[in-house]
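Atoms within each ligand, like the ligands themselves, are counted from 1 in listed order. Every heavy atom of this structure was used, including side-chain atoms; hydrogens, water molecules and symmetry mates were not. Predicted, not measured: the structure shown is a model, and the values here were computed from it.
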Amino acid sequence: MAAQSKVRRIGVLTGGGDCPGLNAVIRGVTKPAQDYGMTVYGIIDGFEGLVEGRAIELKNEDVSGILARGGTILGSSNKADPWHYPVEKDGQIVITDKSKEVVRNYNAWNLDALIAIGGDGTMHICNKLQQLGVNVIGVPKTIDNDLDATDLTFGHDSAVFVVSEALDRLHTTASSHHRVIVVEVMGRYAGWIALNGGLAGGADIILIPEFPFSWEKIYDKILKRQLMGKKFSLVCVAEGAKPIDGEMVIKSSDLKRHDPNQLGGIAEVVARKIEENTGRETRVTVLGHLQRGGSPTPFDRILSTKFGAFAIELAAQKKFGRMVALKGSEVKNVKIEDAISKRKLVKPDTQAVFAARAVGISFGV
Ligand code: F6P
């Protein structure tokens, strides 16, 4: 009887936007699963594959050599929330509840558990699936690092690396031409990428959503640098940053997505205002999806592997409804229900903010 209740068949999917380290988690899940005698099914294109019934069996050879590869071998989708599923009908998109299809496929594949690798949106879906009787284990990913229940999400370090490298390169050209360069980075409603990337790349000004900025403070900083003989400045602005008296810049809206807002465009606004008000020649670089692509950093490879291996361990122990989480330097687990309750935002007393201020970086406040 006990043998029958063992966890034997595991589904794994990657949900939401991709980020470096997803493949490392898939590998971290699949390789040890064999030792537990489990079969792993890779669900194609995230929750889309779970709704539409698309999956393949993953064996050791399928995950061999993918540790350093960016993206996800399984594919992903950020428009496939089963409770908010876009279906085309007579040329129109109709938002439909497809949660019953998910449960039907999970049962049809005889899965004992589902490991879902994703961000905030994915964890919300996991929580609802758990309530429908699907045994879920969450693995937190996102370059934005905005999940409160884990000290870090994998993917963030790789994005910060891209920002830091970009700032290093822009530093030399900004300095040669005595220009201000405004670099726009991702992060949605959280400023972690701008803060950590800006700190690592030596930005002079960092603008983040959590600290609405004053235009005057930005001009002052640039002009003060000029008085000190520094005729160039680097501004690292998060896509969600906004002035005290203004709103976030929304590039477009997509109603198929749970959060329809696509942010972007603040760097152009900031650059134009700086040029008009300081007289400094200004240029813009938008890093965009460069921050999500390519090979994970060694730190992210290690974290992803630890997360994957820990997730399969939780599955073997039947600890469902849990999300793996980094607490200090240890991988632990938390209730998914608690993990989704709070977004992690930069606070005035965040240590990196203190350090940035200590070395003279302005937040425009
Ligand atoms: O959540 C990750 C993220 O890269 C955000 O930083 C960004 O706002 C968003 O996804 C971009 O989404 P998309 O790939 O759909 O343009």
Side-chain angles (χ1 to χ4, degrees), residues 13-22 25 45-48 70-72 74-81 84 86 93 116-126 138-150 152-164 166 183-198 206-210 236-242 247-269 285-294 296-297 300 304 323 339-340 342-346:
L13 65 77
T14 49
D18 70 344
C19 82
L22 287 170
V25 180
D45 296 336
F47 290 104
E48 196 177 296
T72 159
L74 294 174
S76 190
S77 170
N78 48 20
K79 298 175 193 174
D81 177 343
H84 188 90
I93 296 294
I117 312 163
D120 190 42
T122 297
M123 295 310 143
H124 271 92
I125 296 170
C126 285
V139 180
K141 73 88 228 203
T142 167
I143 61 167
D144 304 339
N145 194 35
D146 58 354
L147 283 175
D148 193 59
T150 179
L152 260 182
T153 50
F154 71 87
H156 180 65
D157 188 62
S158 303
V160 166
F161 181 81
V162 172
V163 175
S164 156
V183 185
E184 182 174 305
V185 304
M186 284 184 165
R188 216 173 265 279
Y189 308 112
W192 296 106
I193 299 178
L195 173 61
N196 292 327
I206 297 175
L207 305 175
I208 58 175
E210 294 89 335
C236 183
V237 56
E239 60 182 358
K242 55 176 189 264
E247 294 300 321
M248 284 183 189
V249 182
I250 296 172
K251 189 162 60 184
S252 62
S253 179
D254 184 350
L255 293 174
K256 287 186 210 153
R257 296 168 65 146
H258 195 68
D259 175 1
N261 294 343
Q262 213 185 336
L263 302 178
I266 183 69
E268 283 291 348
V269 178
T285 299
V286 179
L287 292 180
H289 291 83
L290 282 175
Q291 296 157 94
R292 291 232 306 253
T297 57
D300 274 338
S304 302
M323 183 187 87
I340 59 174
K342 209 165 148 215
R343 178 179 285 147
K344 182 170 62 194
L345 296 174
V346 176

- Query: Heavy atom of Arg257 under 4.0 Å from ligand 1?
  - Reply: yes
- Message: So does Gly265 get a backbone contact from the side chain of Glu184, meaning a donor-acceptor N/O pair under 3.5 Å?
- Response: yes
- Message: Pair Asp144, Trp192 - check side-chain contact (heavy atoms from CB on, under 4.5 Å), show working.
- Response: CA-CA 6 Å; Asp144 304 339; Trp192 296 106; over 6 Å; no
- Message: Return the closest protein heavy atom for atom 7 (C) of ligand 1 as residue, atom name and distance.
- Response: Glu239 OE2, 3.3 Å
- Query: Where's the contact between Asn78 and ligand 1, heavy-atom distance under 4.0 Å: side chain, backbone, both or neither?
  - Reply: side chain
- Item | Shortest protein contact, atom 1 (O) of ligand 1 (heavy atom only) | Asp144 OD2, 2.7 Å
- Message: Considering non-hydrogen atoms of the protein only, which is the closest contact for atom 9 (C) of ligand 1, and what is the distance?
- Response: Arg188 NH2, 3.5 Å
- Note on the structure: Shortest non-hydrogen pair, Val139 vs Met123, comes out as O-CE, 3.4 Å
- ligand 1 to Gln262, heavy atom cutoff 4.0 Å, flagged ligand atoms 16 (O)
- Task: Check for a donor-acceptor pair, side chain of Lys79 on one end and backbone N or O of Glu48 on the other, with a separation under 3.5 Å.
- Result: no
- Looking at side-chain heavy atoms only, is the closest gap between Met186 and Leu287 below 4.5 Å? no
- Message: Between ligand 1 and Gly119, can you find any atom pair, the residue atom being a heavy atom, that is separated by under 4.0 Å?
- Response: no
- Message: Looking only at protein heavy atoms, which one is nearest to atom 12 (O) of ligand 1, and what is the separation?
- Response: Arg292 NH1, 3.6 Å
- Item | N/O separation below 3.5 Å, Ile143 to ligand 1 | no
- With atoms numbered from 1 as shown, which atoms in ligand 1 lie under 4.0 angstrom from a non-hydrogen atom of His289? 13 (P), 14 (O), 16 (O)
- Query: Between Tyr189 and Asp259, do the side chains contain an N or O donor and an N or O acceptor separated by less than 3.5 Å?
  - Reply: yes
- Message: Tell me whether Lys242 contacts the main-chain N or O of Ile266 through its side chain, where contact means a donor paired with an acceptor under 3.5 Å.
- Response: no
